[in-house]
Each structure stands twice: as structure tokens, then as C-alpha cells.
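What you are looking at is a predicted structure, and each value in this text was computed from that prediction instead of being measured.
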Amino acid sequence: MGFTEGDVPDLSGRVYVVTGANSGLGYETSRMLARRHAHVVMACRSQERGEHARDEIVRRDPQASLEVARLDLASLTSIERFVRAFAHERLDGLCNNAGVMAIPRRETDEGFEMQLGTNHLGPFALTAGLWSRLVATPGARVVVVTSLMHRLGRVRFDDLMGVRRYGKWAAYGQSKLANLLFFYELDRRVADAGVDVCVAAAHPGYAATNLQRVGPKMAGRPAVAKLASVATRILAQDAGAGALPQLRALAGPGVRSGDFFGPATLEVWGAPVPVSASSAARDPNTARDLWDVSERLTGARFPGLE
């Protein structure tokens, strides 16, 4: 039958942060964690939408323990504020779920290309900012959420921000490849340092979320957005099923650092199983170079992993 929500043990007393928690995979992950009695910090770009999502979960499960905190991964200032305001003594898991997909070229507050900034540099800085809290919590986990599109990605160090040439899908693929390069390099550094943090990765396959509609809408192509919505309804698994790989990585039993989960059937649909990454994602030289660039761009550091 495979892994289901019911396989997650009781999480009473544990604290998790889920980014992009107001909708889609982040909402479902937050709901399932709270149902297993965890306390969930729903990190959302919009406070209003986050509170609406929290209220909906509590309406369905009155015992759910959740709080909403504002976090915009396209702003290093917002990330720093979130880290400073994080008041919990422990952090059992960080799910780097939030992201954008195939949007017209935009820039973050710091001038980073929006997809690389939101999908990789923001999570890199957030994980670094919360690192000391994770290290202090026995058995803590960090989950990096990527995509099948990482297989088509290439890190263009000579034009990382797509200034000279920009393709929305190429930029998305680069950001999703960056997710896995970060995951593997973080896992290597954790192992070398002997740190008790489990680093895992997940991808949802083809799941019904609002990501498929946002890019065409931003590009002013409503017909394409409508077509994407229809195709998603017909072909995609629902967001609850799509969230299971990251739920397994974040709170499932028997997960080891370095594990990567995705759907069982063609890595598109089905229960989460261990999957493999592209050879480009497992290139240690590219991973080290990207880590160095990410540190330089964000100013973030991981104490004890230098």
C-alpha cells in the first residue's frame, strides 16, 4: 500500500516550520502535521491568507495547534525578521516548501532573479538562520522540496540571474536543480561535522496546486492559465497526495539523512518511495561552488559547517 498520513507517529511536543503553508502542498503538510499533534508554524508571504488557511484547518480539526508567521522568501530582510521572531526553544523540522514556477522575469528585493531567489537563495538563508535551533533539537530534520524539472536544469554561473538571457522554464529548472545541489552539499557537511540533523529531499510529482496557473496569469495569458487548470484537474493527483513525499521526509519513520522521496508511479503519481536524482544534482564540485556563491549573495552562514 505504501506510506500514508497514518504512518506518521504521534508528534506531540514537536515544532515544525512549513513555508508556503497557506495553500497547496504547504497547507496539506501543515494540516497533516497538526493532525498528528505537532505544533506548526505556518510561514506565509501573506499574513491574511495564512490566517485564513489556519482557521480552515482548525475548523476541520479543533485540536490543531498552529500559528501564522509572515515570511517572504524573496526578501532577506523578511527572512531575518522571521528568524529573530522565532520564539520556540526547539525546531524538530523545517520544510522548505514554498516556491514559484515558470514566471516572467522578476527580481527579489535584493535584485536576485525571482525563481532562484525564492526557490533556492531564500530557503538557503532561512535554513542557515534557523540552523542553531535545529542543531539543538535531537533528531531534527531539514526537508528541501524540489521538482522533476531539476533533470532539465543547468546552473549557469556565468549568468546566474538570467540578465543576458532569460527563459522561464530554464530558470525554474536551474532553481530546482539548485535545491538538490544544496540538499546534497548540506548532507555532506552534516556528515563530515557529525551533526545530529537529518537532511532529506522530496518532490511531489504532478500535483494540483496553484503554481500551474500563476506563471500564465503573470504573463497576461489567461487562456493558457485556463488550459493549465483544466489539464491539472484531469491529470494531476491532488495536493494531499502530492504532499506525502515531503511529509514522509519530514516526519515519517525510518528516514535517514540523504534520503530523497517522490511518487512511486513514474515519479508522477502515487505513494512516496525513495527516488534518485540526476547526475548533475549529485555533482559535488557544482554543489560546493553553488554553496560558496549562495553564502556570498545572501551573507548566510551555517555555524559548525564551514
Side-chain angles (χ1 to χ4, degrees), residues 16-22 26 41-50 67-88 91 93-101 103-135 140 142-146 153 155-157 159-163 166 168 171-172 174-183 185-186 189 197 199 211 214 218 287-306:
Y16 293 86
V17 170
V18 180
T19 66
N22 61 279
V41 180
M42 303 174 69
C44 305
R45 187 166 58 88
S46 166
Q47 186 80 21
E48 181 180 1
R49 289 196 293 270
E67 66 180 279
V68 178
R70 189 176 185 280
L71 173 65
D72 183 356
L73 289 168
S75 166
L76 294 179
T77 299
S78 177
I79 294 168
E80 291 168 5
R81 287 174 179 163
F82 177 89
V83 169
R84 285 199 304 269
F86 188 80
H88 299 276
L91 178 55
L94 167 62
C95 184
N96 286 304
N97 162 79
V100 293
M101 182 177 78
I103 61 173
R105 192 180 187 283
R106 301 285 190 275
E107 292 186 351
T108 70
D109 286 359
E110 287 75 29
F112 307 143
E113 185 275 313
M114 184 65 74
Q115 296 194 78
L116 186 71
T118 303
N119 297 353
H120 166 63
L121 293 172
F124 181 92
L126 176 65
T127 306
L130 294 172
W131 188 247
S132 59
R133 207 68 55 94
L134 288 159
V135 171
V142 173
V143 174
V144 179
V145 180
T146 184
V155 179
R156 298 180 58 203
F157 287 108
D159 190 21
L160 199 59
M161 302 303 166
V163 174
Y166 180 79
K168 62 183 182 180
Y172 180 67
Q174 174 179 251
S175 72
K176 294 289 99 179
L177 175 59
N179 289 152
L180 283 178
L181 290 164
F182 168 47
F183 154 65
E185 182 64 14
L186 181 58
R189 292 183 182 230
V197 175
V199 184
L211 285 181
V214 171
M218 290 180 67
R288 282 192 295 268
D289 290 345
L290 181 64
W291 183 286
D292 292 343
V293 169
S294 300
E295 284 189 331
R296 177 172 55 80
L297 291 172
T298 64
R301 298 291 186 274
F302 286 73
L305 299 187
E306 292 82 3

Problem - Pair Ser75, Asp109: side-chain N/O donor-acceptor within cut-off below 3.5 Å - result: yes

Problem - Polar contact flag, side-chain donor to acceptor under 3.5 angstrom, Asn22-Ser46 - result: no

Contacts of [X] that satisfy side-chain contact (heavy atoms from CB on, under 4.5 Å) - sequence neighbours left out:
{"X": "Arg133", "result": "Phe86, Leu91"}
{"X": "Glu80", "result": "Arg84"}
{"X": "Ala128", "result": "Ala300, Phe302"}
{"X": "Ala43", "result": "Val17, Thr19, Leu71, Phe82"}

Let me confirm one number: the [atom1]-[atom2] distance from [X] to [Y], rounded to the nearest 0.5 Å.
{"X": "Arg106", "Y": "Lys168", "atom1": "CZ", "atom2": "NZ", "value": "11.0 Å"}
{"X": "Ser294", "Y": "Leu160", "atom1": "OG", "atom2": "CG", "value": "8.0 Å"}
{"X": "His120", "Y": "Ser175", "atom1": "NE2", "atom2": "OG", "value": "9.5 Å"}
{"X": "Leu121", "Y": "Met114", "atom1": "CG", "atom2": "CE", "value": "12.0 Å"}
{"X": "Thr108", "Y": "Leu116", "atom1": "OG1", "atom2": "CG", "value": "9.0 Å"}
{"X": "Arg105", "Y": "Glu113", "atom1": "CZ", "atom2": "CD", "value": "6.5 Å"}

Fill in the blank from the handout: For Asp292, the salt bridge (charged side-chain N to carboxylate O under 4.0 Å, His left out) test, sequence neighbours excluded, returns none

Fill in the blank from the handout: With sequence neighbours left out, the residues meeting salt bridge (charged side-chain N to carboxylate O under 4.0 Å, His left out) with Arg45 are none

4.5 Å side-chain heavy-atom contact, [X] and [Y]:
{"X": "Leu181", "Y": "Trp291", "answer": "no"}
{"X": "Val41", "Y": "His88", "answer": "yes"}
{"X": "Thr146", "Y": "Leu177", "answer": "no"}

Fill in the blank from the handout: The residue among Phe182, Trp131, Phe112 that forms ring-ring contact (aromatic ring centres under 6.0 Å, His included) with Phe124 is Phe182

Please report the shortest heavy-atom distance between [X] and [Y], naming the atom on each side.
{"X": "Leu297", "Y": "Met161", "answer": "CD1-CE, 3.7 Å"}
{"X": "Leu126", "Y": "Asn96", "answer": "CD2-OD1, 3.8 Å"}
{"X": "Leu73", "Y": "Pro123", "answer": "CD2-N, 4.1 Å"}

Exercise for the section: Go through the steps to decide whether Asn179 and Val145 satisfy the test side chain to side chain contact (heavy atoms under 4.5 Å, CB included), and finish with yes or no. Expected result: CA-CA 7 Å; Asn179 289 152; Val145 180; over 6 Å; no

Handout entry: Test log, rule side-chain hydrogen bond (donor to acceptor under 3.5 Å, both in side chains), inputs Asp72 and Ser78
Key = CA-CA 6 Å; Asp72 183 356; Ser78 177; 5.6 Å; no

Practice task
For the pair Glu295 (side chain) and Val293 (backbone), establish whether a donor and an acceptor sit closer than 3.5 Å, ignoring hydrogens and angles.
Solution key: no

